[in-house]
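Data first, discussion second: the structure below is written as structure tokens.
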Amino acid sequence: MIYSAIITILSCSLYLVGSEPPYLANTILEQQNTASGNAPSTDHGGQPPFKYPFSFAHTSNFSGGWARQVTVRALPIAKQMAGVQMRLTMGGVRELHWHTCAEWGYVLSGTCRVTVVDLRGQSYVEDVGEFDIWLFPGGIPHSIQGIGDDGCFFLLVFDDGNFSAYETFLLTDWMRHIPLDILAKNFQVPASTFANIPRDEQYIFAAKLPRELEYERQHAANGTGYSQSPYAYFSSKMTPNITRQGGFVKLIDKDNFPVTTMASAIVTLKPGALRELHWHLNGDEWNYFVKGRARMGVFASGGKARTMNFQEGDVGYVPKDYPHYIENIGDTDVVFVEVFADTHFQDISLAQWLGHTPTRPAYLFNSNLDKQNPSSQFAPKTDAGGQPPFKYPFSFAHTGNYTGGWTRQVTVRDLPVAKQLAGVQMKLIKGGVRELHWHACSEWAFMLSGTCRITAIDIQGNAFVEDVKEDDIWLFPGGIPHSIQGVGDDGCFFLLVFDDGNFNEFETFLLTDWMKHIPVDILAKNFQVPVSTFANLTHDEMYIFASQLPRALEDEKKQAANGTGYVKSPYAYFASSMAPNVTRTGGLVKVVDQRNFPVATMSSAIVTLKPGALRELHWHPNGDEWNYFVKGRARMGVFAAGGKARTMNFEEGDVGYIEKDLPHYIENIGDTDVVFVEVFATPHFHDVSLAQWLAHTPTRLVDEHLHLGEKFLESIPKDERTLRP
């Protein structure tokens, strides 16, 4: 009764605050985060938070300073990187230590003395000041000491989102867990030498100031010498790489800081300026706001978009390939750092993509399944065990129809064994466009019929425009923006394979989907045009749409290349014109990989088998095989460890999947040629054949296994064979 009365009194007191029902909120945070409380109308969907203020993090205090961290445990989206703020007093030492991941450091104020010993035992000692950088690779022992009048304050970023600053390898922690006799034996001194090793945690402790820099350098280098690889970079003194009316950027990566394994950009935006609409195709971005007030908008595939506010001390995180912008919304300069767990800085801007893209921008069906699959109904006696299915017909897949064509996909959700690769069939009518888009994984394509016009730009902004025809191939690496248009009399029909079994064709980054989730004032500022320019932006899904035909190929190549030039590494390979790598009485093979198609991150083989011929018994040691039957009838037998074996029939439009290292064969069981493609999520094609293995193993040893007779084994051809008549 007493409790209920108290609750009633409290409730009444809340309502007495104002005439309206109470609004319980942290008003300071509400004022700092207007983009969350009053989001732009373009925000949409369930995009998770990508911001975490360091002021929310627990601070650990020590005699020599303090530290606090933001990891994936605080910011769940930040899977690839974690950050630490650290303050050292004058003389304060972050004790000698190391960790398994790399450490990128940026001095926010004061001066630090850093020490390192490299793999050759050579020393490095340096003083780094405000806005300078250091990089300590994983496993390299180091220390940091505050030597400025007010010590030093710095930011650390680690290339592991699950990193913990409190679980590093500390010198004193290790030493006190080594038996004294082992220490004595290791250093060849009496055990009493180690009587005063601290038993308490040091971590950050107060200490005397170090000696003069040159003296410490000479002393530390005694015997082995000074490191030839500087671990510090004086970015405070560097000239900006990019200077514009709205600000400037300093880029630090392996090109100008050879020791680094993490790239970074230090960005200054003037009031009202915009870090343009862009994305990073080679890794997640971890950013930190040094000063000023900004807002950041991030877009994800599937129409998800969110805007959040940032100010001094806030951490932001943008996953790989997510397009985003940062705008200065304050009255003073905004300074922030972008950090990447990659050796080189790479980005692609929306303006760059649009500026170098041309301005005008047959069903294979299975029926009567029982007749098609006798190997499932009447399996060979050699089949055994619980080998799962490794076949899925595209005709079983749902077809999405659009004004410009249709598409359907086979992923791990349809074919559970296919964990590493997924496939798509797509048909574009004449003029039909698969709209400008990109995705995180690589796209390998094989033309089944007709002609396509494909466009792309590379990370330097160079343009690529090409027409590809039946039996030709293209490869777009992950993050590279591109488009496809049907330009043949009957449009085009093609196969796409992606190096991610969980890929979803309907959740890619679409240009129009992104544009409609960007505030029009940001678009106007990005392109420096009036807001009215974007009045006719479509708000309907495009995806595959009917369009007018493009201009002549050479005209579009010249127009797209204006300003930056044409790509040096073509994204298309004219496999239709290549000579076969292997020709036998049973057929032929064309192998296309990084050796003849340098841009390729995925390899492939186009195989033709004559009636009765065999793609011999073999396996692939470097990756899973995704195959597609273009024409003909075949059977495929697959063996797995544990005595599991299964045979299945294939024909036009069927997808097959063989896991890495599983031996298999493919036999033509029809009256016409079988043509199929083998695709791998690796840059090079490799296989090992049973005949090759036995032919190059001592014959007596093989005979002891198989009892075939040494004469048989000696008769096996010594050359590598892919096809058997």
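In this structure, Lys51 fails the cation-pi test against Tyr317, since its NZ or CZ atom is not both closer than 6.0 Å to the six-membered ring centre and inside 45 degrees of the ring normal. Under a cutoff of 6.0 Å and an axis angle of 45°, Arg94 and Tyr203 form a cation-pi pair.
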For side-chain hydrogen bond (donor to acceptor under 3.5 Å, both in side chains), just list the numbers for Ser603 and Gln594, CA-CA rounded to whole Å, side-chain angles, deciding distance to a tenth of an Å, and then say yes or no. CA-CA 7 Å; Ser603 55; Gln594 205 161 76; over 6 Å; no
Evaluate the ring-ring contact (aromatic ring centres under 6.0 Å, His included) criterion for residues Tyr322 and Phe509: first the C-alpha distance (whole Å), next the side-chain angles of each, then the deciding distance (0.1 Å), finally the verdict. CA-CA 8 Å; Tyr322 279 31; Phe509 294 95; 5.6 Å; yes
How far apart are the C-alpha atoms of Arg293 and Gln311, what are their side-chain angles, what is the distance that settles it, and do they pass the side-chain hydrogen bond (donor to acceptor under 3.5 Å, both in side chains) test? CA-CA 5 Å; Arg293 292 172 49 244; Gln311 61 187 58; 5.1 Å; no
One pair to check against ring-ring contact (aromatic ring centres under 6.0 Å, His included): Phe169 and His97. What are the steps and the verdict? CA-CA 5 Å; Phe169 296 93; His97 70 287; 10.0 Å; no
Please evaluate residues His324 and His278 with respect to the criterion ring-ring contact (aromatic ring centres under 6.0 Å, His included), reporting the C-alpha separation (whole Å), side-chain torsions for both, the decisive distance (0.1 Å), and the verdict. CA-CA 6 Å; His324 55 287; His278 69 286; 4.2 Å; yes
Check the pair Lys419, Asp500 against salt bridge (Lys or Arg N to Asp or Glu O under 4.0 Å), reporting the backbone distance first and the verdict last. CA-CA 7 Å; Lys419 295 180 174 65; Asp500 178 1; over 6 Å; no
side-chain hydrogen bond (donor to acceptor under 3.5 Å, both in side chains) between Glu443 and His482, intermediate numbers included: CA-CA 10 Å; Glu443 171 184 307; His482 56 279; 3.1 Å; yes
Verdict with reasoning, Asn162 to Thr71, per side-chain contact (heavy atoms from CB on, under 4.5 Å): CA-CA 6 Å; Asn162 203 42; Thr71 71; 5.8 Å; no
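Taking 4.0 Å as the cut-off between side-chain N and carboxylate O, Glu216 and Arg113 count as a salt-bridged pair. A salt bridge links Arg217 to Glu126: one of the charged nitrogens lies within less than 4.0 Å of a carboxylate oxygen. Ionic pairing of Glu285 and Lys320 is not present here: no N-O contact between side-chain nitrogen and carboxylate oxygen is shorter than 4.0 angstrom. For Asp333 and Lys270, the salt-bridge test fails: no basic side-chain N is under 4.0 Å from an acidic carboxylate O. Asp150 and Arg87 are joined by a salt bridge, as a carboxylate oxygen and a charged side-chain nitrogen come within less than 4.0 angstrom of each other. Under the 4.0 Å criterion applied to side-chain N and carboxylate O atoms, Lys291 and Glu312 are not assigned as salt-bridge partners. Salt bridge annotation for Arg176-Asp200: absent, with no cationic side-chain nitrogen under 4.0 angstrom from a carboxylate oxygen.
Side-chain rings of Phe340 and Trp104 stay apart, their centers remaining 6.0 Å or farther from each other. Between Phe345 and His280, the ring center distance clears the sub-6.0 Å criterion. Between Phe680 and Phe685, the ring centre distance stays below 6.0 Å.
At a cut-off of 3.5 Å, with distance as the only test, no side-chain donor of Gln352 or His356 sits close to an acceptor on the other residue. Defined by atom type and a distance below 3.5 Å, a donor-acceptor pair is present between the side-chain atoms of Ser442 and Thr601. In the model, Ser236 has no side-chain atom that pairs as donor or acceptor with a side-chain atom of Glu130 under 3.5 Å. Counted by atom type alone, Trp286 and Gln80 present zero donor-acceptor pairs between their side chains at under 3.5 Å. Of the N and O atoms on the side chains of Tyr166 and Ser60, at least one donor lies less than 3.5 Å from an acceptor on the other residue. For Asn328 and Arg295, the side-chain atoms include no donor-acceptor pair closer than 3.5 Å.
Aromatic ring orientation, Trp279 versus Trp438: parallel (interplanar angle below 30°, classes split at 30° and 60°).
Listed for the Asp159 side chain is a donor-acceptor partner under 3.5 Å among the backbone atoms of Ala102. Within the 3.5 Å criterion, the main-chain N or O of Met296 finds no donor-acceptor partner in the side chain of Thr307. A donor-acceptor contact shorter than 3.5 Å is absent between the side chain of His344 and the backbone of Asp342. Side-chain atoms of Lys237 never come within 3.5 Å of backbone atoms of Asp132 as a donor-acceptor pair (strictly under, hydrogens ignored). No donor-acceptor pair under 3.5 Å is formed between the side chain of Lys79 and the backbone N or O of Val72.
Taking 4.5 Å as the limit, every side-chain heavy atom of Arg73 sits out of range of all side-chain heavy atoms of Val70. Here the side chains of Phe154 and Trp134 are in contact, with some heavy-atom distance below 4.5 Å. Taking the side chain as every heavy atom from C-beta outward, Thr332 and Pro271 never approach each other to under 4.5 Å. You'll find the side chain of Asp458 reaches within 4.5 Å of the side chain of Tyr571, heavy atoms only.
Within a 6.0 Å sphere centred on CG of Asn196, heavy atoms belonging to other residues, nucleotides or ligands number 12 at most.
A side chain to side chain contact (heavy atoms under 4.5 Å, CB included) with Tyr231 is found for exactly one of Val125, Asp118, Thr115, namely Asp118.
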